[in-house]
Protein chains: 4
Amino acid sequence: MFRIDQRNSTPIYQQLVQEVKEAILKGLLRPSERLPSVRELAVQLTINPNTIQKSYQELERQGIIENLQGKGTFVAEHYRPTKDRERLSILKDDLRRILVDAHYLGLNEDELLRMVEQLLTELKMGEDNR
Amino acid sequence: MFRIDQRNSTPIYQQLVQEVKEAILKGLLRPSERLPSVRELAVQLTINPNTIQKSYQELERQGIIENLQGKGTFVAEHYRPTKDRERLSILKDDLRRILVDAHYLGLNEDELLRMVEQLLTELKMGEDNR
Amino acid sequence: MFRIDQRNSTPIYQQLVQEVKEAILKGLLRPSERLPSVRELAVQLTINPNTIQKSYQELERQGIIENLQGKGTFVAEHYRPTKDRERLSILKDDLRRILVDAHYLGLNEDELLRMVEQLLTELKMGEDNR
Amino acid sequence: MFRIDQRNSTPIYQQLVQEVKEAILKGLLRPSERLPSVRELAVQLTINPNTIQKSYQELERQGIIENLQGKGTFVAEHYRPTKDRERLSILKDDLRRILVDAHYLGLNEDELLRMVEQLLTELKMGEDNR
DNA sequence: GTGGTCTAGACCACA
DNA sequence: GTGGTCTAGACCACG
């Protein structure tokens, strides 16, 4: 269900956060749908349960998933984007960094924009999924 | 000359690498121009010299600056983009991550593309500056 | 009759205890009045009967409701406040925590006191209801 | 420096978060002042470093403390209250719960308000501390 | 020396 | 069965 690369240097728990967000965006996970339990997923991905838990807590903090006591973890029914200024500013900085790197890797403006478009399509953004 | 934010969680040495790359892109630093010495910059930015050193080494590894023994560090005269497949793939992953985050922050496709355009203009990319 | 929020992280049984206490305070439930049976309430609130049971037990322990074998559960006729020192001390700690949090949320002393007054009015405290 | 009660059922990491917030409020910790390192505090309080870390991360998330890479953890220079509506609503619910409990413990409105006033004085709120 | 991540394993509250 | 907390101990990146 989720792809985790143990050799990737980005923390596993962040990779999982990202994977869940993408899965929801792509419609693979739907609002109110149940996520695998911490233990289940730990077994599936051969990752420590604590690591899974950290991911779930982060996703809950962002309002993307919800925990029902003793029943499990679910995709939030109504996700409300935050428009958090601070996080938007960080995002913009990250984007700037990427554009700079892209230039030094030899990508020109057109190639870059095409890459963006392709990724947006892949993620089915602009569609009705949450 | 370079903006470093100690509170930012991205490593200081990476921030500096980024700042130098941007400065060159914007034409603030021109090919063959001399960079501040490690010690100078360490004093200016009140940062550990080892950290500056690490940034310069990274930039040299990427072929963006060159060290002339005993003379100082200079912006490379002729930078050749690498087209490094591995790094391109990482860049794409980073970009995907950002697009997903943007969505969860409430940005739609249009707003995103406009942000990209704005940043590209800011960086004067598309022009002849290295 | 009682509002339960499954997404709220405070245990459901505690939420219910709270709701019952408030209902009595507001006069919605009067001394000697019968409470819904465990099963009834479990169906109404779509909650596990064991959870309801736990709430009722807690309320009985506090002397707020009484169980008459085979007849049902009733609001106690004469509630005598306990003046339990231990619980008073815990309450004070909880209150301190809230005041601190309020400060960090940007509330000043006036706004806080006004909030307290408002809540007291809402709860009709200061009146003769139990 | 910080009082932790291992027997208290509220999680240790939350107790510590609370203690730090209070210490700042009371002026025992001043903006820009360095907090004990995770390891130091772990030894002092005979608590696992991971637990301390969890507290520090929560405080950082709330913008109350800041981490400077490799240099340690510091009280934020300029704390900006969030006015987070959701958290305010939770706070109000907590406050309501306490008022109800206070009533059932036999406190009347006057006694309650006096307790609030006393706590506010203890915390030196209303003064110039941050 | 600083914090950040991860694992292994344990215990507990809740439903 | 569910997630939440805590410990012990290890490794790593950063400055």
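All figures in this text were calculated on a predicted structure; none of them were measured in a lab.
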Strictly by Watson-Crick or wobble contacts shorter than 3.5 Å, is anything paired with dC12(F), and which nucleotide is it?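 Pairing partner, where one exists within any strand: dG3(E).
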For [N], take OP1 and OP2 only and decide whether either is under 4.0 Å from a side-chain N or O of [X].
X	N	answer
Ser37(D)	dG3(E)	yes
Gln69(A)	dT2(F)	no
Thr73(A)	dG3(F)	yes

How close or far is atom [atom2] of [N] from atom [atom1] of [X], stated in whole angstroms?
X	N	atom1	atom2	answer
Arg61(D)	dG3(E)	CZ	C1'	18 Å
Gln15(B)	dA13(F)	CD	P	19 Å
Tyr56(A)	dT5(F)	OH	P	17 Å
Arg7(C)	dT2(F)	CZ	C1'	18 Å
Leu41(A)	dG1(F)	CG	P	17 Å
Leu45(B)	dC14(F)	CG	C1'	17 Å
Asp5(B)	dC14(F)	CG	P	17 Å
Ile47(A)	dT5(E)	CD1	P	14 Å

Provide the closest heavy-atom pair for Asn67(C) versus Glu60(C) in the form atom of the first, atom of the second, distance.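 Smallest heavy-atom distance, with atoms named: N-OE2, 3.3 Å.
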Looking only at heavy atoms, which two atoms of Arg34(B) and Glu40(B) are closest? And how far apart?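 Heavy atoms only, the tightest pair is NH1-OE1, 4.1 Å.
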Residue mapping more 5' on DNA chain F - nearest nucleotide basis, Lys71(D) or Lys54(D):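 Upstream on the strand: Lys54(D).
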DNA chain F: Val38(A) or Pro11(B), which has the more 5' nearest nucleotide?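 Upstream on the strand: Val38(A).
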Does Asn50(D) make a side-chain donor-acceptor contact with the base of dG9(F), cut-off 3.5 Å?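 Flag set: donor-acceptor pair detected.
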Hey, is the side chain of Arg39(D) pairing donor to acceptor with the base of dG3(E) inside 3.5 Å?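 For Arg39(D), whose side chain was compared with the base of dG3(E), there is a donor-acceptor pair (under 3.5 Å).
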Using a 4.0 Å heavy-atom cut-off, does Asn67(D) contact any base of the nucleic acid, only the sugar-phosphate backbone, or nothing at all?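 Here Asn67(D) touches the backbone only, sparing every base.
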For Leu68(A), answer base if it contacts any base atom (sugar-phosphate contacts may also be present), sugar-phosphate if it contacts only those atoms, and nothing otherwise; contact means non-hydrogen atoms under 4.0 Å.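 No contact at all - Leu68(A) keeps every heavy atom at 4.0 Å or more from the nucleic acid.
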Closest nucleotide of DNA chain E for Tyr13(C) versus for Asn48(A): which of these residues is on the 5' side?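 Nearer the 5' end of the strand: Asn48(A).
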Of Glu40(D) and Ile12(A), the one whose closest DNA chain E nucleotide lies more 5':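 First, find each residue's nearest nucleotide; the 5'-ward one identifies Glu40(D).
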Pairing of Asp93(D) and Arg97(D) as salt bridge, 4.0 angstrom limit: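 No.
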Going by an N to O cut-off under 4.0 Å, is there a salt bridge joining Arg80(A) and Glu86(D)?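 No, no charged N to carboxylate O under 4.0 Å.
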Pairwise distance CG(Asp5(C)) to CG(Leu68(A)) - rounded to 0.5 angstrom: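 Here the rounded value is 9.0 Å.
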Partner of Thr51(B) under side-chain contact (heavy atoms from CB on, under 4.5 Å), chosen from Ile12(B), Leu45(B), Leu41(B):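 Between Thr51(B) and the candidates, side-chain contact (heavy atoms from CB on, under 4.5 Å) is satisfied uniquely by Ile12(B).
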Out of dT7(E), dG3(F), dT5(E), which has the shortest distance to the side chain of Gln53(A)?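 Of dT7(E), dG3(F), dT5(E), dG3(F) is nearest to the side chain of Gln53(A).
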